[in-house]
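Each remark here refers to the structure printed beneath this line.
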Amino acid sequence: MPSVGNAVLFVRQATSAGMREARFPADAPADASGLARARALAGTLPDGPAWTSPARAARETAAALGLAGARPAAELAEADHGRWAGRRYADVAVEEPDGLARWLADPWAVPHGGETRAALAGRVTGWLAAGPRGVVVCDAGVIRAAVALVLGIDVTAGDRFDVAPLSTTELSAAGNGWRVAHVNRKVSA
């Protein structure tokens, strides 16, 4: 397998029950079918350093992908969704419509009492600025924040990118910053 070279290859973690039920991210395990799909992809990713979000599903996915040496990095954690963590999006939309609308529109809004999306973007920016290269297994919020950073758009605009479970998004380092090589590419075994 070739090396990832001068790039960061993000892999969205395998599915979980929360993803299937359209819930805000929480530290839940990946589901059996998602991990089976990840195991089928083992050996298809580039060689080299690997990192993972500290989330359980991301660590399980990395192991299933054969990235046993993947190092957890706190900067790659999904945003803390406070009291919304693990709740269904539809329920929050009914119970707290103004708070959800504010959170969707304003990267500094924190109606759930957790972390702002601007703070998430700041963590990801700092991690990329530190210069790591390799494979990263994490959830969609981190990937969308990284793509938004590279494109110079607001982190809320990054929500417009689909990032399917076990898809890859590649950012390559260039002399004048980062470039988007691809987003939401299906990995095939």
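These values consider heavy atoms only, across backbone and side chains, with no hydrogens, waters or symmetry-generated copies. If you read the sequence from its start, that first residue is 1, and numbering goes on from there.
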Report task. Check whether any side-chain heavy atom of Arg56 lies under 4.5 Å from a side-chain heavy atom of Pro29, and answer yes or no. Result -> yes
Query raised in the report: Got Leu45 and Leu65 here, is their nearest side-chain heavy-atom distance under 4.5 Å?
Result: yes
Query raised in the report: Strictly by modelled atom types, are Asp31 and Thr15 linked by a side-chain donor-acceptor pair under 3.5 Å?
Result: yes
Query raised in the report: Roughly how far apart are Arg12 CZ and Cys138 SG, rounded to 0.5 Å?
Result: 9.5 Å
Query raised in the report: Are His112 and Trp103 close enough, and set up right, to give a side chain to side chain contact (heavy atoms under 4.5 Å, CB included), and what steps lead you there?
Result: CA-CA 9 Å; His112 47 60; Trp103 179 78; 3.4 Å; yes
Requested in this report: Would you mind checking if Glu96 and Arg102 are paired as a salt bridge, meaning a charged N to carboxylate O distance below 4.0 Å?
Outcome: no
Report task. Assess whether atom CZ of Arg37 is packed by more than 12 heavy atoms of other residues, nucleotides or ligands within 6.0 Å. Result -> no
Query raised in the report: Apart from Leu35 itself, what residues make up its hydrophobic cluster, given side-chain heavy atom links below 4.5 Å?
Result: none
Query raised in the report: So, Arg179 side chain and Gly177 main chain: donor-acceptor pair closer than 3.5 Å or not?
Result: no
Report summary line: When every non-hydrogen atom of Ala30 is compared with those of Glu60, the smallest separation belongs to N-OE1, 2.8 Å
Query - Modelled atom types, side-chain donor and acceptor of Arg39 and Thr61, under 3.5 Å - result: no
**Report entry** Exercise: identify the closest heavy-atom pair between Arg20 and Ser33
**Finding:** NH2-OG, 2.7 Å
**Report entry** Closest non-hydrogen atom pair between Pro54 and Ala73, with its separation
**Finding:** CD-O, 3.3 Å
Query raised in the report: When you measure from the side chain of Arg23 to the backbone N and O of Gly18, does any donor-acceptor pair fall under 3.5 Å?
Result: no
Query raised in the report: Between Phe24 and Trp84, how do the two ring planes meet: parallel, tilted or perpendicular, split at 30° and 60°?
Result: tilted
Query raised in the report: Would you say Pro107 and Asp154 make side-chain contact, with heavy atoms under 4.5 Å?
Result: yes
Query raised in the report: Taking all atoms of both residues into account, what is the closest heavy-atom pair of Pro165 and Ala14, and its distance?
Result: CB-C, 4.3 Å
Query raised in the report: What do the steps show when you test Asn6 against Arg133 for side chain to side chain contact (heavy atoms under 4.5 Å, CB included), and what is the final call?
Result: CA-CA 6 Å; Asn6 204 25; Arg133 306 293 187 266; 2.9 Å; yes
Query raised in the report: Would you say Thr52 and Leu67 make side-chain contact, with heavy atoms under 4.5 Å?
Result: no
Query raised in the report: Does some side-chain heavy atom of Ser53 sit less than 4.5 Å from a side-chain heavy atom of Asp139?
Result: no
Query - Transitive ILVMFWY cluster of Leu149, excluding itself - 4.5 Å side-chain cut-off - result: Val8, Phe10, Trp51, Leu76, Leu120, Val124, Trp127, Leu128, Val136, Val142, Ile143, Val147, Val150, Leu151, Ile153, Phe161, Val163, Leu171, Trp178, Val180, Val183
Query raised in the report: Below 4.0 angstrom, N of the basic side chain to O of the carboxylate: do Glu115 and Arg123 qualify?
Result: yes
Query raised in the report: Which heavy atom of Val137 sits nearest a heavy atom of Ala58, and at what distance?
Result: CG1-O, 3.5 Å
Requested in this report: Show your working on side chain to side chain donor-acceptor pair (under 3.5 Å) between Thr169 and His182 and close with a plain yes or no.
Outcome: CA-CA 5 Å; Thr169 296; His182 68 262; 6.0 Å; no
Requested in this report: Would you name the heavy atoms of Pro49 and Arg71 that are closest together and state the gap between them?
Outcome: CB-NH2, 3.7 Å
Query - Salt bridge flag under 4.0 Å for residues Arg117 and Asp159 - result: yes
